Amino acid sequence: MVTSPLDMADEGRLERLSAMLRRRGVVLPAFDIYGGVSGLIDYGPVGAAIRRRLTQKWVNHWLSHGDIVEIDSPTITPESVLVASGHVGEFNDLMTECKACGSIFRADHLVEHLHPNADSLNSEEIDKFLDSGIECPSCSEKAWTPAQPMNLMFSTTIGAMSTGRTAYMRPETAQGMFMLYPALYRHFRQKLPFGAIQTGKGYRNEISPRQGMIRLREFNMAELEYFIDPENPPVADLNRRTEIVSLVPDPDGAHAGETRMSFGAALTAGIVRHPTVAWFLARTWDFLVEVGINPEKIRFRQHASTEMAHYAEDCWDCEIHGEHGWIECVGIANRTCHDLESHESHSNAKALRAWRQFTEPRSQTLDRLAPNGAVIGPTFRGDASAVVAALETLTDLPDSLPFELEIGDGKSVTIEEGMVERRIETVNVSGEWYTPHVIEPAFGIDRIIWHVLDHAYEEAEKEGEAYTFLRLSEGISSVDCVVLPLFDKEGMPELAREITAAINSLPHARAEMDSSKSIGRRYARADEIGIPWALTVDHTSIEDGSVTIRRRDDQLQVRVFTDEILSRLSNGTIQELF
RNA sequence: GCGUUCGUGGUGUAGGGGUAGCACAAGAGGUUUCCAACCUCUUAGCCCGGGUUCAAAUCCCGGCGAGCGCACCA
């Protein structure tokens, strides 16, 4: 196995980065004074600002498409929703423990060679297979505890104890968009494609959270559900996209093996199977690069059919490389019509569809047996409505009467002369109802923030001393500039306070002031948490109102009047000063 | 969940049955005309709960947390 440069870990860098994140209030263990809880983290004053700004960029990124809107739905979700979505079944894997060595396994995996569809077995059936002499993969003993469901969702109860409804903390935000599909369809005047985004918390009761902020029990998600007509999927022009990206296609498919090519080429070659999925891969790339992910450390990996989620037909992970190796940070799935169809059948909703207008109205000839209610009703009484329904769906019309008609539940009735009338009708059909397909890019915000921090963190040396930079992209840092009075006297702190207030009164700029200790130390503090601009107030500032502005990334300084800094902060042209 | 290593100020560490040190960081003051300078002072710590002991940060047990390996990860 060849070790790529990406795999060569810098000894201790992860520890130093984590220590800095704790010390500077970026990311810290949650509930620390009570011993902490595994899988839960706090964003401190610096981290929370970074998270909010990155999330806002994500929202703006998708809203700028014009056919995507933002929604917000509850985190507490009734059980029935998650039964329909498949999460209650899928998250209730039966687990069993080896009595000898204590190892835990998914029971269905242990017996899958004995049953074609082990996943569907109930706990008693699984126990029978387990008792038939299954060896423990780790210690080869054959003694198993009874299989028990282990749900990865946090459960709760809505309402008073005895009458409460079972509910779960949502494991994904996506269901909120599906619940609102009818409202979205109205909002967009019944025209597809359209999409809805939501950001917020998701919850998964992980068995073993690991790797800092990579596997959390409560995490920040950002998901887009993009509803399309499967027969007329939107096709974006990828020809202008020239960037070359790493792709790892399905290992069982025709294109197995890592390759590098443009998004357009990947679609043309059939590696990416769906044009809309290809477009979202490209837009995901755009977002990640915008917030400061190193493009060299991004790759797209196609799921093998064996690891596909229960709802997905084609699925790509966007993986980012960092201190923990390649980590899935975005999942882009073609969920097809699975969710909407399932919710339509589990609920009473009949509106989870879209209308597809034919370009030309189609003339359709219907050959049918029209029921005569006046005869069918009195004859079949309670079964009459089932008989009418069965006649409506009859495709192979009998050549003659009477005939036997299946009406469901194993029952059949005899249809005789006079009960029906054979009609050949011609109708104009101008369109049809269909269930939209859904393309879902799902972003793990915490994982992306981790990699933004990882890629931005640079350990340098300054006059023989260790010196660290956080080279965050503009608009991602906790504040945009720090205002530094050169000395904490002679009117400089007062002027610095005025400038700070003026910047903070701008709509999208943030500044803070730092007046303690030497100027070099204050620059270092700002560099360490990634503040891109430092404004220094000195004696000249008192005289003419100009300040020096220092650029974090090369420590260059120029003298500018405060008014110009304010206007350039507003229109994002600070870089042009250098 | 199992195994394993570990848990000392904000961060990093020393000590390992008898007064808990150091460095950096932070706060106050001084000095200083732009990149972690210096001086004085200050704040701040043995993860939690049991046990052994005259005495526990130290030894033992349990819990919680962190890293790693196995398992799990729709």
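Everything numeric here is computed off the predicted structure, so don't read it as measured data.
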A.B. asks: If you assign A:L556 and A:D488 each to the RNA chain B nucleotide with the nearest heavy atom, which residue ends up on the more 5' nucleotide?
C.D. replies: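 Looking at RNA chain B, the more 5' nearest nucleotide goes with A:D488.
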A.B. asks: Is there a donor and acceptor pair, one atom on the side chain of A:Q555 and one on the base of B:C35, closer than 3.5 Å?
C.D. replies: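 In this structure, the two groups form no donor-acceptor pair.
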A.B. asks: Write down the partner of B:U32 under the Watson-Crick or G-U wobble criteria, each distance required to be under 3.5 Å.
C.D. replies: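 Checking every strand shown, B:U32 finds no partner, since no pair has both distances under 3.5 Å.
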A.B. asks: What's the CD1-P distance between A:I519 and B:A36, to the nearest Å?
C.D. replies: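 About 10 Å, once rounded to whole Å.
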A.B. asks: Expressed in angstrom and rounded to an integer, what is the separation of A:K517 atom NZ from B:G27 atom C1'?
C.D. replies: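 Between C1' of B:G27 and NZ of A:K517: 7 Å.
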A.B. asks: Applying the Watson-Crick and G-U wobble criteria at under 3.5 Å, what pairs with B:C22? Answer none if nothing qualifies.
C.D. replies: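 By the stated definition (distances under 3.5 Å), B:G12 pairs with B:C22.
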A.B. asks: Mind checking A:G25 for me? I need base, sugar-phosphate or nothing, with any heavy atom below 4.0 Å counting as a touch.
C.D. replies: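 No contact at all - A:G25 keeps every heavy atom at 4.0 Å or more from the nucleic acid.
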A.B. asks: Taking the same atom, P, in B:U53 and in B:U11, what whole-Å distance lies between them?
C.D. replies: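 It comes out at 36 Å once rounded to the nearest Å.
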A.B. asks: Check the orientation of A:H324 and A:W450. Use parallel for under 30°, tilted for 30 to 60°, and perpendicular for over 60°.
C.D. replies: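 Ring orientation, 0 to 90° scale: tilted.
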A.B. asks: Counting neighbours of CZ on A:F31 that are heavy atoms of other residues, nucleotides or ligands and sit closer than 6.0 Å, is the number greater than 12?
C.D. replies: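 Incorrect, the count does not exceed 12.
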A.B. asks: Please state whether the rings of A:H343 and A:F178 are parallel, tilted or perpendicular, taking 30° and 60° as the class boundaries.
C.D. replies: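 Geometry flag for A:F178 against A:H343: tilted rings.
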A.B. asks: When the P atoms of B:G18 and B:A25 are compared, how many Å lie between them, rounded to an integer?
C.D. replies: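 Rounded to whole Å, the distance is 32 Å.
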A.B. asks: Mind checking who B:C41 pairs with, Watson-Crick or G-U wobble, both distances under 3.5 Å?
C.D. replies: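 Across any shown strand, B:C41 pairs with B:G27.
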A.B. asks: In whole Å, measure the gap between the C1' atoms of B:U42 and B:U58 for me.
C.D. replies: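 Here B:U42 and B:U58 have their C1' atoms 30 Å from each other.
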A.B. asks: Assert yes or no for the condition that the ring centre distance of A:Y168 to A:F154 is strictly below 6.0 Å.
C.D. replies: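 Centroid separation for A:Y168 and A:F154: 6.0 Å or greater.
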A.B. asks: Quick check on RNA chain B: between A:Y34 and A:Q211, whose nearest nucleotide comes earlier from the 5' end?
C.D. replies: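 This one resolves to A:Y34.
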A.B. asks: Distance check, P atoms only: B:U5 and B:A44, in whole angstrom units.
C.D. replies: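 To the nearest whole Å, 36 Å.
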A.B. asks: Base, sugar-phosphate or nothing for A:T548? Non-hydrogen atoms, less than 4.0 Å.
C.D. replies: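 It contacts base atoms.
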A.B. asks: Using whole Å, what does the distance between atom P of nucleotide B:G12 and atom CG of A:L17 come to?
C.D. replies: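 Checked: the CG to P distance equals 12 Å.
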A.B. asks: Counting Watson-Crick and G-U wobble pairs only, both distances under 3.5 Å, name the nucleotide matched with B:A57, or none.
C.D. replies: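 Check on B:A57: unpaired, no WC or wobble geometry under 3.5 Å.
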A.B. asks: Could you give the distance separating B:C46 and B:G7 at their C1' atoms, to the nearest angstrom?
C.D. replies: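 Pairwise C1' distance, B:G7 against B:C46, rounds to 10 Å.
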A.B. asks: Any Lys/Arg nitrogen of A:E206 or A:R217 sitting under 4.0 Å from an Asp/Glu carboxylate oxygen of the other?
C.D. replies: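 Looking at A:R217 together with A:E206, the answer is no, because their closest N to O distance does not fall below 4.0 Å.
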A.B. asks: Using atom CG of A:L28 as one end and atom C1' of B:G65 as the other, report the distance to the nearest whole Å.
C.D. replies: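 In whole Å, B:G65 C1' and A:L28 CG are 14 Å from each other.
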A.B. asks: Are A:R550 and A:D527 ion-paired here, with the side-chain N under 4.0 Å from a carboxylate O?
C.D. replies: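 Looking at A:D527 together with A:R550, the answer is yes, because their closest N to O distance falls below 4.0 Å.
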A.B. asks: Which nucleotide sits closest to the side chain of A:A19: B:U11, B:G27, B:G65?
C.D. replies: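 Nearest nucleotide to the side chain: B:U11.
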A.B. asks: Rounding to the closest angstrom, what is the interatomic distance between B:G3 and B:U8 at atom P?
C.D. replies: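 Their P atoms lie roughly 23 Å apart.
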A.B. asks: For A:R447 and B:C73, what is the distance between atoms CZ and P respectively, to the nearest whole Å?
C.D. replies: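 A:R447 atom CZ is separated from B:C73 atom P by 14 Å.
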A.B. asks: If you check the A:R210 side chain, which of B:G69, B:A36, B:G10 turns out closest?
C.D. replies: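 Side chain of A:R210 sits closest to B:G69.
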A.B. asks: Which one, B:A36, B:C34, B:C73, comes nearest to the side chain of A:A524?
C.D. replies: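 Comparing B:A36, B:C34, B:C73 against the side chain of A:A524, the answer is B:A36.
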A.B. asks: From the set B:A25, B:A66, B:G1, return the single nucleotide nearest to any side-chain atom of A:R521.
C.D. replies: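 The listed nucleotide nearest to A:R521's side chain is B:A25.
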A.B. asks: Do A:R550 side-chain and B:C35 base share a donor-acceptor contact under 3.5 Å?
C.D. replies: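 Counting by modelled atom types and ignoring angles, a donor-acceptor contact under 3.5 Å is found here.
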A.B. asks: Could you identify the nucleotide paired to B:C70, looking across every strand shown and requiring Watson-Crick or G-U wobble geometry with both distances under 3.5 Å?
C.D. replies: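 B:C70 is paired with B:G1.
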A.B. asks: How is A:T536 classified with respect to the nucleic acid when contacts are heavy atoms under 4.0 Å: base, sugar-phosphate, or nothing?
C.D. replies: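 Contact class for A:T536: base.
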A.B. asks: Rounding to an integer number of angstrom, what distance separates B:A56 and B:U52 when you compare their C1' atoms?
C.D. replies: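 Rounded to whole Å, the distance is 9 Å.
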A.B. asks: Could you state the atom-to-atom distance from CD of A:E528 to C1' of B:A36 in whole Å?
C.D. replies: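 My rounded result for the distance is 10 Å.
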A.B. asks: Okay, side chain of A:S541, backbone of A:S546: is any donor-acceptor separation there less than 3.5 Å?
C.D. replies: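 Answer holds: yes.
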A.B. asks: Where the side chain of A:Y523 is concerned, which of B:C72, B:U32, B:C34 is the nearest nucleotide?
C.D. replies: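 Among the listed nucleotides, the one closest to the side chain of A:Y523 is B:C34.
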A.B. asks: Under 4.0 Å from OP1 or OP2 of B:A66: is there any side-chain N or O of A:S38 that close?
C.D. replies: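 A:S38 to B:A66 OP1/OP2: side-chain N or O found under 4.0 Å.
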A.B. asks: Return the value, rounded to whole Å, for the distance between atom CD of A:E15 and atom C1' of B:C68.
C.D. replies: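 A:E15 atom CD is separated from B:C68 atom C1' by 11 Å.
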A.B. asks: From the set B:C2, B:A36, B:C34, return the single nucleotide nearest to any side-chain atom of A:E463.
C.D. replies: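 Minimum distance to the A:E463 side chain belongs to B:A36.
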A.B. asks: Output the single nucleotide from B:U32, B:C35, B:G65 whose closest atom is nearest the side chain of A:K462.
C.D. replies: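 From the listed options, B:C35 comes nearest.
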A.B. asks: With a cut-off of under 6.0 Å to the ring centre and 45° to the axis, is A:R170 in cation-pi contact with A:Y203?
C.D. replies: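 Not flagged: A:R170 not positioned over aromatic ring of A:Y203.
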A.B. asks: Does any nucleotide pair with B:G62 by Watson-Crick or G-U wobble geometry, both distances under 3.5 Å, and what is it?
C.D. replies: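 WC or wobble partner is B:C48.
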A.B. asks: Using a 4.0 Å heavy-atom cut-off across all strands, classify A:R22 as base, sugar-phosphate, or nothing.
C.D. replies: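 The residue A:R22 makes sugar-phosphate contact but no base contact.
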A.B. asks: With a cut-off of less than 4.0 Å, is there a side-chain N or O of A:S516 near OP1 or OP2 of B:G27?
C.D. replies: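 Checking A:S516 against B:G27: at least one side-chain N or O falls below 4.0 Å of OP1 or OP2.
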A.B. asks: Looking at B:C68, B:C34, B:C73, which one has an atom nearest to any side-chain atom of A:D538?
C.D. replies: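 Given the options B:C68, B:C34, B:C73, the side chain of A:D538 is closest to B:C34.
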A.B. asks: When you compare B:G45 with B:A57, how far apart are their C1' atoms, in angstrom units rounded to a whole number?
C.D. replies: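 10 Å, rounded to whole Å.
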A.B. asks: Nearest-Å distance, CD1 (A:I214) to P (B:C72)?
C.D. replies: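 About 20 Å, once rounded to whole Å.
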A.B. asks: If the threshold is 4.0 Å, N to carboxylate O, is there a salt bridge linking A:E328 and A:R215?
C.D. replies: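 Not counted as a salt bridge, because no side-chain N and carboxylate O are separated by less than 4.0 Å.
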A.B. asks: Indicate, with a heavy-atom threshold strictly under 4.0 Å, whether A:R522 touches base, sugar-phosphate, or nothing.
C.D. replies: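 No contact at all - A:R522 keeps every heavy atom at 4.0 Å or more from the nucleic acid.
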